[in-house]
Structures are given as C-alpha cells and as structure tokens.
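Have a look at the structure below before the remarks.
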Amino acid sequence: MDVAALAELLREAEDNHGRYEPTAPKHHWWDWYAAFVVARQQGRSAEEAYRDATAALEGAPR
C-alpha cells in the first residue's frame, strides 16, 4: 500500500469514526481505526467496515 492510499483510508476512517464517537463506550480511537482499515482492505464497503469496527470494539458478533 502506498502513502496516498493509506492516507485516504485513514481519512475515511476518521469520517466514519466521527459517527461512532458520540455514542461509543470508552475506547482508544486507533483500535476502531485499525478494524475499519483492515475491513476496507478486505474489500468490505465503508458501511460494512463501520459495522465491523464497531462490533470489534464492542465484542459483538460481526
């Protein structure tokens, strides 16, 4: 992955994390970002990655 592609994924993660943050339990933002970025790299849509990252932090089945 090149720098531009990673930067775009991080920007997308930031945008989506902003939706999650207001209602999220206490967490480290980087854990949510990591789960989101991995899901996107695996071909999941942004909405699927959002659900995957949220589930990963909250321990819910994905």
Side-chain angles (χ1 to χ4, degrees):
M1 174 179 302
D2 63 30
V3 171
L6 178 56
E8 177 58 25
L9 277 174
L10 290 172
R11 184 206 58 75
E12 186 178 24
E14 178 185 29
D15 288 347
N16 281 279
H17 186 256
R19 291 174 37 206
Y20 177 64
E21 186 67 29
T23 61
K26 185 174 170 85
H27 69 285
H28 296 290
W29 63 266
W30 52 82
D31 292 328
W32 194 96
Y33 275 45
F36 182 90
V37 168
V38 167
R40 291 294 280 139
Q41 286 183 308
Q42 293 173 341
R44 309 274 286 156
S45 71
E47 188 57 38
E48 291 169 328
Y50 177 91
R51 290 192 303 264
D52 288 353
T54 299
L57 259 66
E58 296 179 3
R62 289 182 254 176

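Computed from a predicted structure; not experimentally measured. Numbers for residues simply follow the sequence, beginning at 1.
With rounding to the nearest 0.5 angstrom, the CD atom of Glu8 is 11.0 Å from the CG atom of Asp2. Here the CZ-CD distance, from Arg19 to Glu47, works out to 4.5 Å after rounding to the nearest 0.5 Å.
For Gln42, the side chain to side chain donor-acceptor pair (under 3.5 Å) criterion is met by no residue, not counting sequence neighbours. By the side chain to side chain donor-acceptor pair (under 3.5 Å) test, Ser45 pairs with Glu48, sequence neighbours left out. Checked against salt bridge (Lys or Arg N to Asp or Glu O under 4.0 Å), Glu21 has no partners two or more places apart in sequence or in another chain. Residues forming a side chain to side chain donor-acceptor pair (under 3.5 Å) with Glu14 (at least two apart in sequence, or on another chain): none.
The minimum heavy-atom distance linking Gly18 with Pro22 is given by the pair O-CD, 3.1 Å. Counting all heavy atoms, side chain and backbone alike, Leu9 lies closest to Met1 at CD1-CE, 3.5 Å.
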Which atom pairs, one a donor and one an acceptor, fall under 3.5 Å between side chains of residues 28-39 and the rest of the protein, sequence neighbours left out?
residue, atom, partner, partner atom, Å
Trp32, NE1, Thr54, OG1, 3.4

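Pairs of residues two or more places apart, or lying in two chains, that qualify as salt bridge (Lys or Arg N to Asp or Glu O under 4.0 Å) and include a residue from residues 32-41 are Glu12-Arg40.
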